[in-house]
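Below, all heavy atoms of this structure are taken into account, side chains as well, without hydrogens, waters or symmetry copies. Each chain gets a letter, A, B and so on, in the order the sequences are listed, and its residues count up from 1. For clarity, every value in this text was computed on a predicted model and none was experimentally measured.
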Amino acid sequence: MPDTDPATKSMDEIVALCKRRGFVYPASEIYGGINGFWDYGPLGTALKNNIRDHWWKQTVECPPIGPDGEPVSIVGLDSSIIQNPKVWEASGHVGGFSDPMVDDTETKKRYRADHVWVRKAAGKDGNEVLVAIVLGSQEEAQAAWEHFDSTGKLPDQLRGELSKGVKKCIDGAKFYEDAPISSYVDVSDDQRVMVFGQHASKPGTLTEPREFNLMFETFVGAIRDASSKAYLRPETAQGIFLNYKNVVDTMRVKMPFGIAQVGKSFRNEVTPRNFIFRSREFEQMEMEWFCAPDDSPKWYDFWKHERMRWWESLGVSKSNLRYRDHDDDELAHYSKMCVDIEYKYPFTAPGYGELEGVAHRGCFDLTQHQEHSKQKMEYFDQERQVKGQKAGLSKDEINAQSKYIPNVIEPASGLTRGVLVLLCEAFTPDESRPSKVYMKFKPKFAPIKAGVFPLVNKDGMPEVAQKLYMGLREKFTCQLDAKQSIGKRYARMDEAGTPYCFTVDGDTLSDQTVTVRDRDSQSQERINIDQVENFLADKIGE
RNA sequence: GCGGGUGUAGCUCAGUGGUAGAGCGUCACGUUGCCAACGUGAAUGUCGUGAGUUCGAAUCUCAUCACCCGCUCCA
């Protein structure tokens with residue numbers, strides 16, 4: 001630190017290096033590719049696995065100490081990608097994911113149909129028009145027009161200006177006082193030509209509301225009909241809620257506790273963009289933390305900070321990470337509070353883009369599944385019962401405190417976004433070195449830990465290098481390379497992000513030492529050949 | 001989904017209607033004395049894909065796919 005500012009890094013060069021060195025390839029490339037899908041090459045897979053393993057270890061195997069000084073308890077899970085389609089009705093994804101959209105064919109703008117509000121008026125020319133404005137709710141639209149009626153102006157919170165055409169149209173138009181503001185969704189087909197879009201220059205440019213379902217559909221079994229329709233999961237979280245009862249019943253967990261899962265999710269994104277940042281198939285690392293409702297603010301705060309610390313532990317520079325609290329109007333249907341951990345990607349810089357969301361989901365999901373499945377999701381908290389009894393509370397008071405549907409705090413991060421962050425973070429241009437760039441991974445996450453080279457292929461050096469390599473390969477991912485010049489080999493390792501290279505030279509044969517070449521400083525030191533393994537173990541453990 | 005741009009070797013690109021090219025990289029052999037050295041040799045392309053125009057298309061036309069930029073979207 002300070003590390004190179006992501007704003008100065010070229011995404012094109014990062015993508016090119018990823019392909020050249022086997023981190024990420026376009027999916028189905030020999031058939032011309034397929035938009036929104038990527039394949040992870042040998043080094044990319046190693047990098048992804050390293051991040052995943054670190055997350056699993058820090059989340060499930062050795063979770064942190066909680067705010068009360070007690071170690072937190074989190075169990076692992078691996079649920080199915082395809083579930084009963086009723087799951088997605090209960091979770092709100094089938095409804096919420098298929099918001100109908102409206103396009104303005106003139107201005108090419110697109111709106112959510114339920115955010116478009118129309119008001120009927122008689123124009124100066126005697127023709128009726130429906131003036132459409134885009135606002136989040138009917139109340140806001142109502143208030144906007146009331147503001148207009150009293151002041152002759154629409155308020156500032158309208159998204160964008162009214163077009164000149166609309167202004168001209170409503171100037172002198174007579175609004176029907178008794179006609180309510182209505183949703184565009186309810187406008188009939190023949191009335192649609194009368195609708196004057198907020199940004200349009202003339203009426204009739206808005207399309208009918210159209211469905212955009214972001215979930216991938218498939219069919220279970222050989223018969224393709226409505227009853228066999230199923231969905232690929234759009235998030236791993238629901239698999240956890242589905243098994244909440246199973247885990248409580250079988251794992252001797254008690255509140256508060258977490259269930260963690262890593263796996264693929266699928267979203268049929270409208271516009272996959274920015275390399276692997278938004279792809280249609282991606283991998284998530286999600287943990288659902290179940291706790292008593294009155295404890296939830298404490299845990300929300302805890303996980304918010306804990307997750308930031310975790311990203312910093314990957315070697316991501318503090319200055320490239322930040323929190324962003326969600327405004328009320330962008331909160332998801334399930335969420336009470338949500339904070340994003342964001343990274344300064346080269347394509348968002350100087351702005352930031354989402355990396356992980358820590359959401360307070362309340363009891364939304366479990367309540368939904370309780371209603372839809374008719375299975376009880378209530379938890380009986382015996383510790384609270386005992387506490388209540390000791391405090392001499394009444395039976396009703398004790399019940400009220402010890403029976404509840406748990407609240408959920410959800411740190412949900414993108415594993416594949418984590419890969420992207422480490423790729424961007426590691427990518428370090430350096431005009432002074434032959435490769436012009438090196439990948440500055442923290443050694444722990446580097447796909448290849450070490451290179452082992454004979455300085456030249458003679459005088460017994462290859463044999464010594466081979467022996468060193470044979471020992472190391474049992475513990476570390478490393479590469480033996482005797483081809484071409486030593487400089488070329490260092491350069492290759494720089495691009496792969498290999499932190500250390502051990503070179504056997506003439507002195508090795510007499511004094512049993514090798515040189516260690518450090519990727520970042522390019523400096524060398526000599527260590528005893530017997531110490532190489534300890535040296536590596538030390539550096540990688542850091 | 002809309003508008004604009006781009007697609008030629010692994011990469012960067014040249015090639016405007018007449019035999020498909022360069023540099024780098026890759027591989028082999030030789031050489032080598034610490035940062036993409038050198039020599040010799042080799043492999044690599046239905047010019048994104050599919051049609052059309054033409055005696056002849058990488059080149060012109062249309063369609064399509066992918067990528068990039070801007071909208072839009074992102075529970």
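Interatomic distance, OG1 of A:T348 versus OH of A:Y343, reported as 9.0 Å (0.5 Å rounding).
One C1' atom belongs to B:rA66, the other to B:rG48, and the distance between them is 7 Å to the nearest Å. The separation of B:rG56 from B:rG18, taken at their P atoms, amounts to 14 Å, rounded to a whole angstrom. Taking the C1' atoms as reference points, B:rU40 lies 26 Å from B:rU12, given to the whole Å. On the P atoms, B:rU6 is 16 Å away from B:rA63, given to the nearest whole Å. B:rG7 and B:rU49 are spaced 11 Å apart, taking the C1' atom of each and rounding to whole Å. For the P atom pair drawn from B:rG21 and B:rU16, the interatomic distance equals 15 Å after rounding to whole Å. When the C1' atom is compared between B:rA43 and B:rC69, the two are found 37 Å apart, to the nearest whole Å. Here, B:rA51 and B:rA57 have their P atoms 13 Å apart, quoted to the whole Å.
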Practice task
Mark up nucleotides 26-35 of chain B, 5' to 3', with B wherever a protein heavy atom is under 4.0 angstrom from a base atom, S wherever such an atom reaches only the sugar-phosphate, and - elsewhere.
Solution key: SSS---BBBB
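Looking at residues two or more places apart in sequence or on another chain, you find no ring pair (Phe, Tyr, Trp, His ring centres under 6.0 Å) involving A:F266. Under the salt bridge (Lys or Arg N to Asp or Glu O under 4.0 Å) criterion, A:K264 pairs with A:E281, not counting sequence neighbours. Residues passing the salt bridge (Lys or Arg N to Asp or Glu O under 4.0 Å) test with A:K539: none are found, sequence neighbours excluded. For A:R517, the salt bridge (Lys or Arg N to Asp or Glu O under 4.0 Å) test picks out A:D494, with sequence neighbours left out. Here A:R526 pairs with A:D505, A:D507 under the salt bridge (Lys or Arg N to Asp or Glu O under 4.0 Å) rule; sequence neighbours left out.
Residue contacts shown for A:G36 are limited to sugar-phosphate atoms, with no base heavy atom under 4.0 Å away. Across all strands shown, A:F275 has heavy atoms under 4.0 Å from sugar-phosphate atoms exclusively, and none from any base. Residue-level contact check: A:E495 touches the bases, meaning some heavy atom is under 4.0 Å from a base atom.
In this entry the distance linking CG of A:L17 with P of B:rG25 reads 16 Å, nearest Å. Distance A:F277 CZ to B:rC69 P: 13 Å, rounded to the nearest Å. Rounding to whole angstrom units, NZ of residue A:K19 and P of B:rA66 are separated by 16 Å. Atom NZ in A:K436 sits about 19 Å away from atom P in B:rG23, given to the nearest Å. Between the CD1 atom of A:I14 and the P atom of B:rC67 there is a distance of 18 Å, given to the nearest Å.
With a cut-off of 3.5 Å on both pairing distances, the Watson-Crick or G-U wobble partner of B:rG21 is B:rC13. Look at B:rU54: it lacks any Watson-Crick or wobble partner with both distances under 3.5 angstrom. Nucleotide B:rC2 forms a pair with B:rG70, judged by Watson-Crick or G-U wobble geometry with both contacts under 3.5 Å. Remark: B:rG33 base-pairs with no nucleotide in the shown strands. Criterion, Watson-Crick or G-U wobble with two distances under 3.5 Å. With a 3.5 Å ceiling on both atom-pair distances, the Watson-Crick or G-U wobble partner of B:rG7 is B:rC65. B:rU26 and B:rA42 make up a base pair, with Watson-Crick or G-U wobble contacts both under 3.5 Å.
Between A:E235 and A:R361 a salt bridge is recorded (basic side-chain N to carboxylate O distance below 4.0 Å).
For the pair A:K48 and A:Y40, the distance from NZ or CZ to the six-membered ring centre is under 6.0 Å and the angle to the ring normal is within 45 degrees.
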